[in-house]
Every structure is written in structure tokens, then in C-alpha cells.
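Just below is one structure, and these are the notes that go with it.
Read the numbers this way: they start at 1 and go in the same order the structure lists the ligands and their atoms. Everything numeric in this text was worked out from a predicted model, so none of it was measured.
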Amino acid sequence: MSGIYIHIPFCRQACNYCDFHFSTSLQTKEALVKAIVAELEQRSDYLKDRRIGTIYFGGGTPSLLSEREGFMILEKIYKLYDVSRDAEITLECNPDDLSEEKLKELKRLEINRLSIGLQSFNEDELVWMNRAHTAKESEASVKRAQDRGFENITIDLIYGSKFSNLRSWKSTLDKAIDLDVKHISSYNLTIEEKTRLGHDFKQKKEAAIDDELSSEMFLEMIDRLGKSGFIHYEISNFGKEGFFSIHNSNYWRGTHYIGLGPSAHSFDGVSRQWNVANNNVYIKKVAEGNDYFEKETLTETERFNEYMLIALRTMWGIDLSYLRANFDAELVKHFLQGAERLTKEGNIAVKEHFYTLTEKGKLLADRIAGDLFV
Ligand code: SF4
């Protein structure tokens, strides 16, 4: 089965750390939704496997879509594809959007998984992040969604800001656990150049992230969430049994997907392509039926490196049988040599033909994957 990703590039306000593609002007929202519907039509041959297992509305802030706009997109998808009856349909939302009325709309649209961007329970930190909601609103929004019958809820948490300390992080994790959500995605704050935070960092108004503290917080999270029944199935993702993100898990396994909307990426097994990250240009070019994306065909080396990077971050790890079946013998040899060294260093563990990160290795996931690159 394939997946569909739809990028909704609008936000109420710009969070100080975020470098995703979005606009805070909502003026072109309706035109953009129409362009996404047109793109769906124009690229209807992109996926070879017409059966759809997951639909994911990401952003930006997809909860800014009106019911009619959400319906327009979904109606077109159902018309063009064979969407599985039990498809996972996720919508990213911000707590301040989740009113009773909005939740009813999302039910009518048959959204069955909500990804709620809580980020923090610390009011000062939320103000510093320039989030559009308070911690109280966050907690209330999760409860409202649960009362409306949304069982499959994931929340996002960020750690590592200047407000972080181990004590407050433990209490954040406990609050998240008490909310009884089924899934938690948690990211170490990074300072991206083209963000408000990046700008302030450059001006020396903000300090660098304390990596040692971030590592302690990461390990605390693995321990605390693990004891509460969450399975650490990807470096930044924890899910209760039966509640892993199907869309993202498929992506990590190399399933094909089409991405619609500005900046969205697509993958057909051979090549990757990505849409222009500019709302007005996207709308114009889709209307012209013109090139609105760039494309690259992946070489075997690129596919190999990508597999190292993605597979190593998951609890399933790197599968030697998969490597042997899909890559040249020289690349497999290169992997085995690197893996032997990393195993001796205690960063990788081997079980049957699967290579996974150890607790120690999880702290250095990207560096270890980089070590295995060719
Ligand atoms: S973090 Fe989310 S809500 Fe904030 S600017 Fe980025 S996409 Fe928008």
C-alpha cells in the first residue's frame, strides 16, 4: 500500500525555532487548497500501487483548514485512489484550534489520528517559543479530543531549550503520561539558521544548547516512557502497542508515497521529488500545469546511505538480509566492516541478522549512521 502526504503551509504565528515551510498570511489558503486538488489530479499516475494505507495532513498547521477545504482534498483522494477502509488518517493540529466544533468537523471528515503540537507544559517556555497556545489550553484540548472519541492521539514535545532542566523535564514527561495519549514524538531543540532563534543566537542573545543536559533528558525520557508502556520504536518516537505511526513507519520501510502542496516530497522507489517551497509560485505553476517540482534519481550509494540513516533510527534496525538482497556485495562488505567496529565500541548490537543501536549508540544515532556511509 502507498501513502499520501498533504502539506498545509499556513500557521497562525511563527514559532521561533521552526524552519518548516509555512506562511502566516492566510489570504491564499483557499487558492492553495484548490491547487492541491488540481495537483492530485495532475499527478494521479504517480503511484503505481493505487491502494492507500495512510493519509497524512502535515504542515504548517492543517487544523487551520475549514471543513469544506478538508473535504475538497479528501473527496478528490477518494475519487482517485482505492483508500483502504481502515486507512490511518492523521491531521496535525495546534491545541488552540481544537474547539468542540473543530473536533466535530474532524470526526465528520473521518480523521482518525490527531497529532497535537503541545511542545511544552511550561507557560514561559511556550511564550519564548512564540507558540499560539498556553499549557492549560494544550491539556484541555487533549481531553476534549478524547471525550469526542479520538483514541489515537500523539503529542509533540520539545526538550533542550534554556528553560530545560532535568526536574522540570521529569514533570513534563509525567504530565504527558497522565494525559493517557497513545503516542509521543519528542525532539531535541535545534537552532536552525533561518529562524528567529537562529537569528538571536547569531546576535548572541541566545546561548547554544547544552548537549550534555539534552542527552540526560533523552535517556530520562526513554526510561520514564518505557516504564509507562511506551515502546521506543524510533529515535524520536514512542508508541503504545498498536499505536505506532503507520504513515511514518511505512516511510522508514521505504514505502512509496506522494506528497502534495508546496515543499512536499514524494518517493516512488527510484526517485525523490520535492515541490517548490513558495505558496504563490506553487499556486501559479500548478494552474499552468507547469514544472513545480525538482527531481533526483537516487544512485545505489545514495539509497544505501539513506537506508543506514533511516533504518538505524528504528527499533527494527538494519536488516542484513535486506542489504544482501538490495545492494552490491562491496556495499554489504563495507557495512559489515563498519558494523564490526561499532559493535566493539558498544554502539551497535547484533541479533540474528538485525543491527540496532544500543542505549549508548542512541545518543549518537546520526553520527553512527554517518560512520556507515560510503
Ligand atoms: S512549529 Fe508548527 S505551528 Fe509553529 S511555525 Fe512551525 S509549523 Fe507552524
Side-chain angles (χ1 to χ4, degrees), residues 5-29 32-33 36 56-66 69-70 90-99 102 106 111 113-142 145 153-164 172 176 181 183-201 206 209 236-237 245 247-248 259-265 274-279 282:
Y5 173 83
I6 302 127
H7 190 81
I8 306 299
F10 299 102
C11 294
R12 245 180 249 295
Q13 56 194 55
C15 302
N16 75 350
Y17 54 86
C18 178
D19 75 340
F20 292 163
H21 170 64
F22 67 91
S23 163
T24 51
S25 163
L26 273 60
Q27 279 172 0
T28 56
K29 186 158 67 87
L32 196 124
V33 168
I36 289 175
Y56 193 105
F57 288 88
T61 311
S63 49
L64 289 174
L65 287 177
S66 67
E69 290 164 343
T90 304
L91 186 124
E92 290 181 354
C93 27
N94 274 351
D96 44 307
D97 289 326
L98 290 182
S99 62
K102 173 58 76 177
L106 297 178
I111 303 294
R113 183 171 184 269
L114 296 182
S115 171
I116 307 179
L118 262 66
Q119 316 306 354
S120 166
F121 292 110
N122 178 329
E123 302 289 5
D124 292 335
E125 188 173 29
L126 287 170
V127 171
W128 175 78
M129 288 174 170
N130 200 34
R131 297 288 301 174
H133 57 90
T134 64
K136 270 201 178 119
E137 278 175 326
S138 299
E139 290 179 57
S141 72
V142 172
I153 294 176
T154 177
I155 58 170
D156 284 351
L157 293 173
I158 291 180
Y159 61 95
S161 86
K162 64 180 179 187
F163 291 84
S164 296
T172 295
V181 290
H183 189 282
I184 295 173
S185 297
S186 186
Y187 304 93
N188 189 9
L189 183 71
T190 48
I191 300 178
E192 304 293 344
E193 205 184 324
K194 289 180 187 150
T195 62
R196 176 65 201 257
L197 183 58
H199 175 265
D200 288 352
F201 177 69
E206 292 288 347
I209 309 288
S236 306
N237 288 280
S245 162
H247 185 82
N248 288 337
L260 303 128
S263 82
H265 285 230
W274 53 96
N275 285 350
V276 58
N278 178 306
N279 292 0
Y282 169 80

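Distances below 4.0 Å separate heavy atoms of Cys18 from the following atoms of ligand 1: 1 (S), 5 (S), 6 (Fe), 7 (S).
Of all the heavy atoms of Arg12, none lies under 4.0 Å from any atom of ligand 1, so neither backbone nor side chain is involved. At a heavy-atom distance under 4.0 Å, only side-chain atoms of Cys11, from C-beta outward, approach ligand 1.
A heavy-atom separation below 4.0 Å is found between Gly60 and ligand 1.
Taking atom 2 (Fe) of ligand 1 as the reference point, the nearest protein heavy-atom neighbour is Arg131 NH1, 4.1 Å. Nearest protein heavy-atom neighbour of atom 3 (S) of ligand 1: Asn94 ND2, 3.4 Å. The protein atom (non-hydrogen) at minimum distance from atom 5 (S) of ligand 1 is Cys15 N, 3.4 Å.
Enclosure of atom NZ in Lys162 by more than 12 non-hydrogen atoms of other residues, nucleotides or ligands within 6.0 angstrom is indicated. The local environment of CZ in Phe163 is crowded, with over 12 non-hydrogen atoms from other residues, nucleotides or ligands closer than 6.0 Å.
If you check the side chains of Glu92 and Thr90, you find no donor sitting under 3.5 Å from an acceptor. For the 3.5 Å distance criterion, the side chains of His21 and Asn279 qualify, holding a donor opposite an acceptor.
Across all non-hydrogen atoms, the minimal contact from Leu32 to Pro9 is CD2-CD, 3.5 Å.
Using a 4.5 Å cut-off on side-chain heavy atoms (C-beta onward), Val181 and Ile116 make no contact.
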